[in-house]
Amino acid sequence: MRTTITVNGEARALDLDPRTTLLDALREHLRLVGTKKGCDHGQCGACTVLVNGVRINACLSLAAMHDGDAVTTIEGIGAADRLHPMQAAFLERDAFQCGYCTPGQICSALGMLQEVADGWPSQASPDIAGPVTLSDDEIRERMSGNICRCSAYPQIVAAIRDAAKALA
Ligand code: FES
Ligand code: FES
């Protein structure tokens, strides 16, 4: 199945088995291995990418569904010599140990901040109609789909809090 996806700003034409997940298209066909496969079942968040600016689990989505979409992976967020403020905050706060969950955490955090900016409430929001204040409880709730086996959660929350301020 011919599918064209704009990945990190570049149109990529793919000839795929229609059963190929977006995660496998990225990792196995485009060799963008920054996006990680943890559970392959939508349970860990390691495969989180942004599709048209919205975070999704790439393991739960078929690549063919994204013909014409713009996908951003961790490779498109920043680079070693020009870190995105979210990446810099993770480094500064030591918000990882093995790093396996980190690309998904960072993509998810960026999608989450946009959801907050758009006024989406969460289970932790005191008023679902009101503006969202990004408390630590909000960050924890909104990032609950991203599991860290190394349990770097306190540092991850701190990094996201710092990055949210830097990006405001
Ligand atoms: Fe997609 Fe775990 S690999 S949620
Ligand atoms: Fe190891 Fe999160 S840093 S799983």
Side-chain angles (χ1 to χ4, degrees), residues 1 3 5-8 12 14 16-67 69-80 83-115 120 122-124 134 136-164 166:
M1 197 166 189
T3 304
I5 307 173
T6 300
V7 182
N8 301 329
R12 307 294 298 264
L14 294 157
L16 300 169
D17 183 307
R19 296 166 294 184
T20 307
T21 64
L22 179 59
L23 177 59
D24 285 342
L26 292 169
R27 287 182 56 84
E28 308 299 331
H29 294 262
L30 297 177
R31 299 292 174 197
L32 291 170
V33 295
T35 306
K36 301 301 186 219
K37 183 181 282 191
C39 63
D40 212 17
H41 283 87
Q43 295 174 344
C44 73
C47 64
T48 306
V49 297
L50 300 169
V51 176
N52 302 328
V54 176
R55 57 180 173 167
I56 69 163
N57 289 337
C59 71
L60 291 184
S61 196
L62 296 174
M65 294 163 58
H66 296 289
D67 188 50
D69 281 348
V71 174
T72 304
T73 69
I74 192 66
E75 290 90 346
I77 301 286
L83 293 180
H84 185 282
M86 187 65 76
Q87 293 172 311
F90 268 65
L91 202 57
E92 183 65 28
R93 287 287 191 169
D94 205 15
F96 46 82
Q97 289 182 42
C98 76
Y100 198 81
C101 72
T102 311
Q105 299 279 1
I106 287 173
C107 288
S108 187
L110 291 171
M112 182 273 283
L113 290 183
Q114 187 57 52
E115 292 162 15
W120 295 14
S122 81
Q123 180 71 21
L134 196 64
D136 285 2
D137 278 350
E138 283 277 4
I139 295 173
R140 280 190 280 269
E141 168 61 24
R142 289 169 186 271
M143 293 298 294
S144 60
N146 289 81
I147 306 302
C148 176
R149 290 174 300 178
C150 303
S151 282
Y153 297 113
Q155 294 90 341
I156 290 170
V157 171
I160 294 172
R161 194 196 313 127
D162 289 354

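Quick note: residue numbers are just sequence positions, from 1. Both counts, for ligands and for their atoms, begin at 1 and track the order of listing. Bear in mind the structure is a predicted one, so any value in this text is a computation, not a measurement. Computed from heavy atoms alone, side chains included, the values below leave out hydrogens, waters and symmetry copies.
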Open item on the list: How long is the straight-line distance from CZ of Arg149 back to SG of Cys98, given to the nearest 0.5 Å?
Closed with: 5.5 Å
Open item on the list: Exactly one of Val49, Leu110, Ile77 should register a side chain to side chain contact (heavy atoms under 4.5 Å, CB included) with Thr72. Which one does?
Closed with: Ile77
TODO: Please say which of Thr3, Val51, Leu62 ends up in a side chain to side chain contact (heavy atoms under 4.5 Å, CB included) with Leu22.
DONE: Val51
Going by the order shown, which atoms of ligand 1 are within less than 4.0 Å of some heavy atom of [X]?
X	answer
Gly42	4 (S)
Asp40	2 (Fe), 3 (S)
Cys44	2 (Fe), 3 (S), 4 (S)
Cys39	2 (Fe), 3 (S), 4 (S)
Cys47	1 (Fe), 3 (S), 4 (S)
Gln43	4 (S)

TODO: Answer whether the closest heavy-atom distance between the side chains of Leu26 and Ile5 falls below 4.5 Å.
DONE: no
TODO: Indicate yes or no: at least one non-hydrogen side-chain atom of Ile147 is less than 4.5 angstrom from one of Tyr153.
DONE: yes
Open item on the list: Looking at ligand 2, would Ala152 count as a contact under a 4.0 Å heavy-atom criterion?
Closed with: no
TODO: Enumerate the atoms of ligand 2 whose separation from the nearest heavy atom of Cys150 is less than 4.0 angstrom.
DONE: 1 (Fe), 3 (S), 4 (S)
TODO: Please could you name the atoms of ligand 2 that Cys148 approaches to less than 4.0 Å, counting only its heavy atoms?
DONE: 2 (Fe), 3 (S), 4 (S)
Task: Which residue and heavy atom of the protein sit nearest atom 3 (S) of ligand 2, plus the separation - done: Gln97 N, 3.2 Å
Task: Shortest protein heavy-atom distance from atom 4 (S) of ligand 2, along with the residue and atom involved - done: Arg149 N, 3.2 Å
Open item on the list: Is it true that His29 and Thr20 share a donor-acceptor pair across their side chains at a distance under 3.5 Å?
Closed with: no
Task: CA sep, side-chain torsions, deciding dist, call: Gln114, Leu50, side-chain contact (heavy atoms from CB on, under 4.5 Å) - done: CA-CA 11 Å; Gln114 187 57 52; Leu50 300 169; over 6 Å; no
Open item on the list: Tell me if the CD atom of Glu75 is crowded by more than 12 foreign heavy atoms within 6.0 Å.
Closed with: yes
Open item on the list: With a cut-off of 2.8 Å, does His41 put an N/O/S atom close enough to atom 1 (Fe) of ligand 1?
Closed with: no
TODO: Could you tell me whether any N, O or S atom belonging to Cys59 is less than 2.8 Å from atom 1 (Fe) of ligand 1?
DONE: yes
TODO: Indicate the atoms forming the closest heavy-atom contact of Thr21 with Cys59, along with that distance.
DONE: CG2-O, 3.6 Å
